[in-house]
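Data block below; observations after.
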Protein chains: 2
Amino acid sequence: MSRSATGPQTIDSSDRRDEIVEAAGRLFSESGYHTTSMRDLARAVNLQGGSLYSHITSKDEVLFEIVSRAADEFLAAAASVPAELSPAFRLARLIQGHLRVMAREIRLATVFFQDWRYLSPERREIIALRRDEYEAHFRDTIEAGAEAGVFHVESPRLAAIFVLSALNWTYQWYDPNGSLSPDELASQYCRMLFGALGGPNQLKLEAGND
Amino acid sequence: MSRSATGPQTIDSSDRRDEIVEAAGRLFSESGYHTTSMRDLARAVNLQGGSLYSHITSKDEVLFEIVSRAADEFLAAAASVPAELSPAFRLARLIQGHLRVMAREIRLATVFFQDWRYLSPERREIIALRRDEYEAHFRDTIEAGAEAGVFHVESPRLAAIFVLSALNWTYQWYDPNGSLSPDELASQYCRMLFGALGGPNQLKLEAGND
DNA sequence: CCTACCGATCGGTAGG
DNA sequence: CCTACCGATCGGTAGG
């Protein structure tokens, strides 16, 4: 978005900036946004505290960068699900995509869920809109499935919340380095979630592209 | 802004202490533990900043008090489920109890989930044990149901996490003052969760005591 | 319960 | 990218 030219004086390889954001993702996800100081962050990238500010403009901006990237990943995964698929297959792919992103970017996701409320109001609003957009993918798919008679739910809105609860909570316990692969988890969660929605029982997920 | 009678210097009415903890529950749940200062808390109970410390000893202690009360409520609800019930009914009652506590004590629950990680290590450990104890109620019940052939799950452990995901996430969106009552929510969640576990379809929850 | 104060630390800036 | 520094604010204490 804002690749504002920081001026000619600093070379500011966005390499360095990326390094800072990545370290921040790690530190914030481990210790929380407010308990990580800018000096902690500087130390993690071998800089003095003040030197951070030739690469970033504020702590809030760093948080936004992390949360934004997480939102990007989730939205891209949802957008990659072919609209021609049936609602049941679409939902299965949404679930699989969500859990793959969660496994690949668990630190971004953790900061997203834990600290996005501490963004400045303007930036928080931007994220709120994208989160709504993401949830709409699930709600619309469930609604379509309900109308087609493949899902049987009392309230598609509540059902969407229910599905997203299971998916979002994974950041609290899932270990990407553990023995449970994201696709294996997706398979088990699909089974349970389809049961919850009164949907079809044996969907085969092609182990395809993202 | 009443300068309430400075009265006799009290040793510590636990009334006052309760008032402080309750206000802290409200403030922490709205703004987060680290973004609420002790001066904010003092103002909310019409005290000067330093005066708080005749009733409490530290900010960490206040947080522990809130998180502890939340744990108390959840554990009491689980303990009140009769052990003689069948696994399916037991699980239904666990779900209902959880959602009733959530509705009644949403501020305590919010602070619990959002800020318990910021407790001092010793206090965090105490809470971790109680959380494990609570989760065991769910896991054991699901395991018993699976062995009895009433639930059909691949992994009781994962199924328990799944169930608790849906329940715990409610603090993020449920409005106790909205039109959806906790028992109505419990009824819908039971239907979906039993579907997820391949369990029986029509359980009637008696609208009984706690 | 208040006034006054403590040292520590915070995010961020100036100037080179 | 560093050194040196800013004002603000933090949780907590002393002494009455």
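By convention in this document, chain letters (A, B, ...) are assigned in the order of the sequence lines, proteins followed by strands, and residues within each chain are numbered from 1.
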Side chain of B:Tyr53 - closest among C:dC10, D:dG12, D:dC1 = D:dG12
Between the side chain of A:Arg39 and the main-chain N/O of A:Gly49, is any donor-acceptor distance below 3.5 Å?
-> no
If you look at every heavy atom in B:Phe112 and B:Ala71, which pair is closest and at what distance?
-> CE1-CB, 4.2 Å
A:Tyr171 and A:Phe113 aromatic ring geometry - parallel, tilted or perpendicular at 30°/60° bounds | parallel
Can you check the A:Leu41 CG to C:dG12 P distance for me, whole Å?
-> 11 Å
Once the angle between the rings of B:Trp173 and B:Tyr189 is folded into 0 to 90°, is it parallel (under 30°), tilted (30 to 60°) or perpendicular (over 60°)?
-> tilted
Determine whether more than 12 heavy atoms belonging to other residues, nucleotides or ligands lie under 6.0 Å from atom CD of B:Glu22.
-> no
Close N/O contacts between protein and nucleotides 2-7 of chain D (under 3.5 Å):
from  : atom 1 : to      : atom 2 : distance (Å)
D:dC2 : OP2    : A:Gln48 : N      : 2.9
D:dC2 : OP2    : A:Ser51 : OG     : 2.7

Can you say whether the rings of B:Tyr134 and B:His98 are parallel (under 30°), tilted (30 to 60°) or perpendicular (over 60°)?
-> tilted
Residues within residues 58-69 of chain B bordering DNA chain D, heavy-atom distance below 4.0 Å = B:Ser58, B:Lys59
Tell me: CG of B:Leu52 to P of D:dG11, nearest whole Å?
-> 10 Å
Can you tell if the side chain of B:His34 reaches within under 4.5 Å of the side chain of B:Asp115, non-hydrogen atoms only?
-> no
Establish, with yes or no, whether the OP1 or OP2 oxygen of C:dC10 is under 4.0 angstrom from a side-chain nitrogen or oxygen of A:His34.
-> no
In plain terms, say whether A:Glu65 and A:Arg69 are close enough for a salt bridge, that is, a side-chain N and a carboxylate O under 4.0 Å apart.
-> yes
Secondary-structure stems for DNA chain D, with pairs counted as Watson-Crick or G-U when both distances are under 3.5 Å and runs at least 3 long | C:1-16 with D:1-16
Using a strict cut-off of less than 4.0 Å between a Lys/Arg side-chain nitrogen and an Asp/Glu carboxylate oxygen, indicate whether B:Glu133 and B:Arg130 qualify as a salt bridge.
-> no
Do A:Phe74 and A:His137 have ring centres separated by under 6.0 Å?
-> no
Using the ring of each side chain (for Trp, its six-membered ring), is A:Tyr33 parallel, tilted or perpendicular to A:Tyr118, with breaks at 30° and 60°?
-> parallel
Nearest whole angstrom, please: distance from the P of D:dG12 to the CD1 of B:Ile56.
-> 7 Å
Quick one: label B:Thr36 by what it contacts on the DNA or RNA (base, sugar-phosphate, nothing), any heavy atom closer than 4.0 Å.
-> sugar-phosphate
